[in-house]
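What follows is a set of notes on a single structure, which appears directly below.
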Amino acid sequence: MPAVVVVHGGAWAIPDERAKQCVDGVKAAACQGLSVLRGGGSALDAVEAAVRALEDNPVFNAGHGATLNIDGEVELDAIIVDGKTLSCGAVSSVKNIANPVTLARAVMDKTSHVMLTGEGANLFAESIGVSSVPTDSLVTEYEKREWEKHKHYVTGVMENFNSKWAHDTVGAVAVDCAGNVACATSTGGIRNKMVGRVGDSPVIGCGGYADNFSGAVSCTGHGESILKVTLARLVLLHIEQGKSVAKASQLSLQHMGDRVQGAGGVVVVSPSGQWAATFTTERMAWAAAEHDVLWFGINPNERLKEKLPQ
């Protein structure tokens with residue numbers, strides 16, 4: 001079976017001055033995920049590694065580089081799903097955690113629950129030895145400036161989403177040599193969101209889903225819109241009905257636009273190794289690593305490639 005990793009760095013109107021950093025970041029994350037697969041790791045290991053790389057990169061809105069809520073705090077959401085068993089773990093509204101995707105995996109691996117939120121998630125992190133980090137270490141100077149500019153949530157939402165600025169949730173999907181698929185998604189949410197607001201990212205079937213019978217999906221875009229149409233599960237429904245991964249992605253995003261006027265993007269992989277990176281926002285940074293080729297792009301219909309070292 002072909003091993004493939006596909007990542008996204010968020011679907012939004014990425015400004016020119018950040019475009020190269022975003023593309024470089026997703027390329028590095030895809031290579032990180034493929035390295036795990038080449039070393040015999042599972043699809044689940046690969047998506048966690050890829051998303052951790054994106055969380056550690058302050059260019060993106062996840063972990064380091066996260067946006068601030070209306071009170072100037074960081075609240076993080078993440079999910080990880082194993083397509084082989086449908087096991088999943090998620091965290092929402094967690095604070096001071098550098099890699100929420102790894103905490104989400106710990107929820108899956110170490111508890112009988114699927115999602116932990118807020119203080120409970122942070123207490124769980126403490127109980128298993130996941131150290132907290134100061135908020136300041138997660139917040140960039142860029143974000144502080146942007147937060148000051150958009151002090152009111154309503155203004156922020158109007159500017160972000162009516163102009164298709166969905167900001168940069170991150171995510172990854174993978175299929176390993178055994179044909180198992182997995183997904184992971186992580187985000188800092190919307191700038192100036194209400195305290196306790198949770199978007200699509202940690203919600204099963206919305207921000208991500210994986211099932212060996214159909215494929216794996218990670219979503220990005222306007223969280224409220226994605227929640228309303230259960231976007232990740234909708235993509236897989238189309239695949240189950242015989243559509244290609246590319247067509248399923250297009251139909252699902254079109255439906256979200258038509259039905260709730262939401263824009264966004266998805267990365268998808270099938271158990272056979274077909275993959276797609278599709279978006280309806282102005283831009284989405286994405287990369288796909290397979291065999292000895294790294295595919296990547298940021299603009300509509302852009303599909304660049306370079307050779308990977310063996």
Side-chain angles (χ1 to χ4, degrees), residues 6-12 47 51 54-55 60-63 66-67 69 74-81 88-94 100-101 103-104 107 114-118 121 153 156-157 160-161 164-173 182-211 215-238 248-249 251-268 277-281 284 286:
V6 192
V7 307
H8 68 76
W12 60 299
V47 295
V51 169
L54 294 163
E55 288 174 340
F60 302 105
N61 172 24
T67 55
N69 68 15
V74 171
E75 291 182 304
L76 305 168
D77 307 325
I79 192 172
I80 192 165
V81 185
C88 41
V91 293
S92 66
S93 297
V94 296
V101 70
L103 185 58
V107 172
V114 167
M115 183 187 288
L116 294 178
T117 191
Y153 174 72
V157 168
N160 282 347
F161 295 120
K164 300 187 179 180
W165 276 61
H167 215 343
D168 34 6
T169 293
V170 304
V173 294
C183 77
T185 307
S186 181
T187 190
I190 304 173
R191 181 176 297 119
N192 285 312
K193 63 187 178 181
M194 291 175 65
V195 174
R197 177 264 185 188
V198 178
D200 67 290
S201 296
V203 179
I204 299 163
C206 296
Y209 199 69
D211 186 340
V217 185
S218 175
C219 301
T220 172
H222 183 208
E224 281 72 11
S225 295
I226 293 171
L227 282 163
K228 289 171 186 176
V229 301
T230 56
L231 183 61
R233 195 66 192 84
L234 182 61
V235 173
L236 294 183
L237 176 64
H238 284 299
S249 303
L251 287 171
S252 300
L253 287 166
Q254 182 181 342
H255 172 75
M256 186 170 76
D258 292 344
R259 193 73 177 84
V260 295
Q261 294 74 57
V266 296
V267 291
V268 189
T278 311
F279 56 97
T280 52
T281 51
M284 181 178 81
W286 64 270

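- Of the inter-residue distances, the one linking Ile226 atom CD1 with Leu234 atom CG reads 11.5 Å to the nearest 0.5 angstrom.
- Annotation: side chain of Val107 is not in contact with side chain of Val114 (no heavy-atom distance under 4.5 Å).
- Contact between Ala184 and Val101 at its shortest, heavy atoms only, is CB-CG2, 3.8 Å.
- Annotation: side chain of Asp200 is in contact with side chain of Cys219 (closest heavy-atom distance under 4.5 Å).
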In sequence, state the C-alpha distance, the side-chain angles, and the governing distance for Lys193 and Glu224, and then conclude on salt bridge (Lys or Arg N to Asp or Glu O under 4.0 Å).
CA-CA 12 Å; Lys193 63 187 178 181; Glu224 281 72 11; over 6 Å; no
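- Side-chain contact between Val170 and Val51 is present, with heavy atoms from C-beta onward closer than 4.5 Å.
- Here the OG-CG distance, from Ser186 to Asp77, works out to 8.0 Å after rounding to the nearest 0.5 Å.
- How far NE2 of His222 is from CD of Gln261: 11.5 Å, rounded to the nearest 0.5 Å.
- Atoms CD and OG1, on Glu75 and Thr67 in that order, are 9.5 Å from each other to the nearest 0.5 Å.
- Atom SG in Cys183 sits 8.0 Å away from atom CD1 in Ile80 (nearest 0.5 Å).
- For the residue pair Ser218/Thr185, the side-chain donor-acceptor check at 3.5 Å is satisfied.
- Annotation: side chain of Val267 is in contact with side chain of Met284 (closest heavy-atom distance under 4.5 Å).
- Scanning all heavy atoms of the two residues, the minimum distance from Thr117 to Ser93 falls at OG1-CB, 4.1 Å.
- In this structure, Val91 and Pro100 approach most closely via the heavy-atom pair CG2-O, 3.8 Å.
- Listed for the Thr187 side chain is no donor-acceptor partner under 3.5 Å among the backbone atoms of Ala62.
- Here the CG-OG distance, from Leu236 to Ser252, works out to 8.5 Å after rounding to the nearest 0.5 Å.
- Between Ile79 and Pro202, the shortest heavy-atom distance links the atoms CD1-O, 3.5 Å.
- Within the 4.5 Å cutoff, the side chain of Thr169 has heavy atoms near those of the His8 side chain.
- Checking side-chain atoms of Asn69 against main-chain N and O of Val195 turns up no donor-acceptor pair under 3.5 Å.
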